[in-house]
2 protein chains.
Amino acid sequence: MERLLQQLKDIHHLSTEIQQQLQECFTKTVLPKGEFLITEGKVCRHLYFLEQGCLRGFYNLDGKEITHWFGFENDFVTSFHSFITQEPAVENIQLLEGCILWAISKESLATLLNTYHEAERLVRIAYEKYYIRLEERYVNAQFRTATELYENLLQRAPHIIERISLGYIASYLGMSQETLSRVRSRL
Amino acid sequence: MERLLQQLKDIHHLSTEIQQQLQECFTKTVLPKGEFLITEGKVCRHLYFLEQGCLRGFYNLDGKEITHWFGFENDFVTSFHSFITQEPAVENIQLLEGCILWAISKESLATLLNTYHEAERLVRIAYEKYYIRLEERYVNAQFRTATELYENLLQRAPHIIERISLGYIASYLGMSQETLSRVRSRL
DNA sequence: ACCTGTTTTTGACTATTGTCAAAAGATGTC
DNA sequence: GACATCTTTTGACAATAGTCAAAAACAGGT
């Protein structure tokens with residue numbers, strides 16, 4: 001819980017009142033490796049804060065799993081599309097390690113936003129930070145050779161390379177595992 | 001201005017007070033085809049509402065222009081990264097047609113957000129809509145052949161194909177103009 | 001209808017990457 | 001230490017897409 005509050009404080013000042021309220025809204029969740037946090041087709045009713053562990057978001061395309069995102073410590077995770085619209089999720093989120101998470105329901109969040117105007121600003125600023133990271137991920141994703149894509153990732157997000165297994169990274173970069181393996185052997 | 005207010009009302013209810021305030025904050029801007037709204041390297045101090053016309057966002061990669069986004073009527077446009085962080089923009093936004101835009105400065109927006117708490121919610125919800133469109137654009141962007149990418153775009157955003165010239169669409173889909181031309185001839 | 005400049009199409013060739021299949025290397029457990 | 005399982009590497013071949021260059025189609029203006 002300390003980590004979560006600290007992350008929120010980094011975004012914007014928090015009154016003691018709202019801090020107490022937050023403590024009540026979030027529930028600790030511990031899940032083992034391999035488990036699914038979000039499953040394709042189900043509506044996603046919670047937003048999670050990831051205290052410990054890592055996970056991946058992926059969707060299916062012609063029977064192939066496409067990893068489009070990795071989550072690590074201090075990230076807020078959910079299928080944002082499904083959480084916002086309350087339509088069934090098109091993606092899955094799977095734990096790549098055992099994880100400690102803090103969950104808040106859509107309803108609790110809505111109540112929080114209606115009660116505390118400062119919470120509204122908190123969420124907006126969190127979105128901005130999230131959006132900027134998303135943008136950085138996609139700039140440089142196009143028109144590159146496998147080698148360039150890998151070198152770019154190595155600079156931009158070495159923690160992904162250190163921690164995630166080859167097949168998932170290949171899927172994330174949009175190439176086959178074999179190609180990625182060959183790229184690596186050439187460096 | 002009517003269109004802008006209507007768009008905002010679609011997002012969330014507006015009090016008459018805030019409507020008047022909005023009228024004062026936005027400035028009408030008319031620019032000819034080819035002009036740049038945002039230029040790489042310059043800090044972007046305005047957010048625009050596009051009433052009429054269309055435009056493209058692109059960045060340079062090894063001397064090649066990569067179009068990553070198109071804007072049409074009723075879109076809010078800017079280099080969000082630069083506008084939010086006030087760092088120099090990494091992308092350009094160029095008008096593909098003559099356009100009518102409504103501009104609001106970063107300062108005016110900040111004042112608005114501090115004065116009217118409901119504006120805070122307005123921006124958050126606008127972000128959510130924007131984010132969802134962005135996500136839809138990138139899902140299905142990977143692991144596909146040129147033909148599939150084009151067919152996907154045809155379904156998802158036929159207005160882009162009808163209105164934008166071949167070279168820009170090719171750049172947007174991450175393929176050469178020649179390949180796109182061949183794909184089209186096969187259908 | 002004609003000229004001019006721009007956009008789109010076509011052709012030939014090359015390079016990169018995907019696919020399938022098998023081998024080699026790690027990791028964990030008994 | 002040996003076995004089973006999972007991950008990574010290597011090899012051979014086919015298919016897809018990029019590049020360069022030239023031709024054709026289209027649009028706007030006179």
Which angle, rounded to 10°, do you find between the first-five-pair axis and the last-five-pair axis of the helix from C:dA1-D:dT30 to C:dC30-D:dG1?
40°
Under the side-chain hydrogen bond (donor to acceptor under 3.5 Å, both in side chains) test, residues paired with A:T29 that sit two or more places apart
none
Please output the side-chain donor-acceptor pairs of residues 47-55 of chain A that fall under 3.5 Å, not counting sequence neighbours, one pair per line with the distance.
from  : atom 1 : to     : atom 2 : distance (Å)
A:E51 : OE1    : A:M1   : N      : 3.4
A:E51 : OE1    : A:W102 : NE1    : 2.6

Only one of A:Y59, A:Y172, A:Y168, A:F58 passes ring-ring contact (aromatic ring centres under 6.0 Å, His included) with A:H68, and that residue is A:Y59
Pairs flagged by salt bridge (Lys or Arg N to Asp or Glu O under 4.0 Å) wherever residues 157-186 of chain B is involved - sequence neighbours left out:
B:E73-B:R163, B:E97-B:R163
Between [X] ([atom1]) and [N] ([atom2]), how many Å, whole number?
{"X": "B:R182", "N": "D:dG18", "atom1": "CZ", "atom2": "P", "value": "10 Å"}
{"X": "B:L96", "N": "C:dT7", "atom1": "CG", "atom2": "C1'", "value": "14 Å"}
{"X": "B:L180", "N": "C:dT10", "atom1": "CG", "atom2": "P", "value": "13 Å"}
{"X": "B:L173", "N": "D:dG18", "atom1": "CG", "atom2": "C1'", "value": "15 Å"}
{"X": "A:L149", "N": "C:dG18", "atom1": "CG", "atom2": "C1'", "value": "15 Å"}
{"X": "A:E148", "N": "D:dG18", "atom1": "CD", "atom2": "P", "value": "14 Å"}
{"X": "A:L166", "N": "D:dT9", "atom1": "CG", "atom2": "P", "value": "6 Å"}
{"X": "B:E178", "N": "C:dT7", "atom1": "CD", "atom2": "C1'", "value": "12 Å"}

Report the relative orientation of the aromatic rings in B:Y131 and A:Y130; use parallel for angles under 30°, tilted for 30 to 60°, perpendicular for over 60°.
perpendicular
Is a side-chain donor-acceptor pair under 3.5 Å present for B:E87 with B:S82?
no
Are more than 12 heavy atoms, taken from residues, nucleotides or ligands other than A:E17, located less than 6.0 Å from that residue's CD atom?
no
Near B:Q6 CD, under 6.0 Å, is it more than 12 heavy atoms from other residues, nucleotides or ligands?
yes
Any ion pair linking B:R124 and B:E128 (charged N to carboxylate O, less than 4.0 Å)?
yes
Please write out each protein N/O paired with an N/O of nucleotides 27-30 of chain C under 3.5 Å, distance rounded to 0.1 Å.
none

Just verifying a value: how many Å separate B:Q23 CD and B:L4 CG, rounded to the nearest 0.5 Å?
8.5 Å
Shorter than 3.5 Å, N or O on both sides, protein versus nucleotides 13-17 of chain C: list them out with atom names.
from   : atom 1 : to     : atom 2 : distance (Å)
C:dT17 : OP1    : A:A146 : N      : 2.6

Single hit among A:T179, A:L180, A:T145 for side chain to side chain contact (heavy atoms under 4.5 Å, CB included) with A:Y150:
A:L180
